[in-house]
Amino acid sequence: MGTLMGRMLLGEIAVKTEELTRVFRLRKREAREGRREILALDRVNLEVCWGELFGLLGPNGAGKTTLIKILATLLAPTSGRAWVAGADVVENPAEVRRHINMVCGGETSGYGLLTVEENLWMFAQFYGIPSREARRRIRELLSLVGMADRASTKVYHLSSGMRQKMNIVRGFLTDPKILFLDEPTLGLDVQTARTIRDFVRQWLLDHPDRTILLTTHYMHEADELCQRVAIIDRGRILACAPPAELKKALQRDVVFRLYVEGIADAKNLLDGMKGVRALAQHMEEGRLSVDLILSEEEALVSVLSRLHAAGARLAELKKEEPTLEDVFLSLVGRKLSEESP
Ligand SMILES: Nc1ncnc2c1ncn2[C@@H]1O[C@H](COP(=O)(O)OP(=O)(O)OP(=O)(O)O)[C@@H](O)[C@H]1O
Ligand SMILES: [Mg+2]
């Protein structure tokens with residue numbers, strides 16, 4: 001069976017979208033730059049396989065949450081279609097919901113007056129998990145995220161990192177076939193973020209038939225965690241492949257980092273030059289740091305002479321292995337960490 005329904009029934013595909021589009025219509029007084037329509041998703045086509053840890057990587061406003069919300073049946077698409085666990089999200093949302101759970105980073109869920117365990121237990125009851133089984137899972141999951149000693153702490157008294165770990169536990173508690181994690185490590189310290197990433201990875205190793213779709217705007221998170229990554233910007237998927245492949249595609253190009261003194265802007269000087277594929281810059285300790293993607297190494301000579309002619313002094317020059325950040329830069333024309341223009 002080569003058809004889509006065939007492949008879904010055969011159990012290859014957990015999530016699929018076809019030309020999925022979402023437009024937000026704004027009220028007159030909400031208009032942005034004179035526009036009253038925001039194209040949050042622009043004909044998105046995606047397939048996520050069962051057992052996959054799939055990442056959606058993109059800057060603020062790229063459309064990540066919009067996509068997750070549609071898949072979780074919390075938001076309707078404007079056009080196009082989406083299927084989750086074989087069910088159409090618009091035609092059969094109840095069936096979709098049976099198979100999924102969702103956690104958003106930074107959400108303040110839970111009842112502050114109840115303890116961590118009471119909150120999680122209550123949530124498990126909503127999902128009809130037998131009480132004893134719920135207690136077993138709660139204890140197990142809390143200890144896996146290093147919060148076993150917090151079971152009796154009131155949610156009021158949790159730090160934001162602990163609260164986020166509790167939310168993550170809530171996501172896994174129902175043992176969903178497909179779990180949507182929207183920015184699971186948003187704003188967390190390095191150690192807490194690592195605990196959560198290790199936990200997510202281990203959970204999938206222990207449950208190889210489960211599927212996780214996560215969003216992030218942390219490059220290294222997508223790189224380290226995800227089997228495949230879709231790069232999304234302004235509602236469009238620009239690339240979709242395993243991180244290593246994305247980086248390999250860039251290896252034909254050469255990535256240089258230069259530090260120059262004496263000028264404040266290299267972008268205007270170098271943009272559009274032959275061999276210059278993309279460029280990003282920022283000031284760093286009084287020097288201008290320039291990330292440069294060249295389609296051929298030879299272009300470096302003319303780049304350096306143009307910089308020199310403009311009065312710049314080269315302080316440092318390094319050739320780099322491409323990172324996902326460079327992949328993003330070459331696709332989008334700016335770095336992920338930069339604000340959308
Ligand atoms: N309810 C809404 N009404 C109007 N515009 C919206 C609404 N929700 C999202 N948008 C707009 O749609 C676009 C995509 O937003 P979305 O929240 O999906 O981005 P995101 O990739 O999740 O960003 P972030 O990294 O900041 O969470 C943005 O321009 C956003 O302002
Ligand atoms: Mg978001």
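Only this structure's heavy atoms are used, side chains among them; waters, hydrogens and symmetry mates stay out. Atoms within each ligand, like the ligands themselves, are counted from 1 in listed order.
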- Distance filter under 4.0 Å to Ala40 heavy atoms, resulting ligand 1 atoms: 12 (O), 13 (C), 14 (C)
- Does some non-hydrogen atom of Lys69 fall short of 4.0 Å from ligand 1? no
- Lys/Arg cation over aromatic Tyr259: Arg287, 6.0 Å, 45° cone: yes
- Heavy-atom proximity to atom 28 (C) of ligand 1, best of Gly63, Gly61, Pro59, Ala62: Gly61
- Shortest protein contact, atom 29 (O) of ligand 1 (heavy atom only): Arg32 NH1, 3.2 Å
- Query: Quick one: which of Thr65, Leu26, Leu186 has a heavy atom closest to atom 17 (O) of ligand 1?
  - Reply: Thr65
- Query: At a non-hydrogen distance cut-off of under 4.0 Å, which region of Arg234 contacts ligand 1 (side chain, backbone, both, or neither)?
  - Reply: neither
- Task: Please answer: with hydrophobic residues joined when any side-chain heavy atoms are less than 4.5 Å apart, are Phe172 and Leu225 in the same cluster?
- Result: yes
- Query: With backbone taken as N, CA, C and O and side chain as the heavy atoms from C-beta onward, which portion of Ile232 lies under 4.0 Å from ligand 1: side chain, backbone, both, or neither?
  - Reply: neither
- Message: Within ligand 1, which atoms have a heavy atom of Thr66 less than 4.0 Å away?
- Response: 14 (C), 15 (O), 16 (P), 18 (O)
- Message: Can you tell me which portion of Ile38 lies within the under-4.0 Å heavy-atom range of ligand 1? Options are side chain, backbone, both, or neither.
- Response: side chain
- Message: Given Asp326, which partner from the list Arg277, Lys247, Arg257, Lys319 fulfils the salt bridge (charged side-chain N to carboxylate O under 4.0 Å, His left out) test?
- Response: Arg257
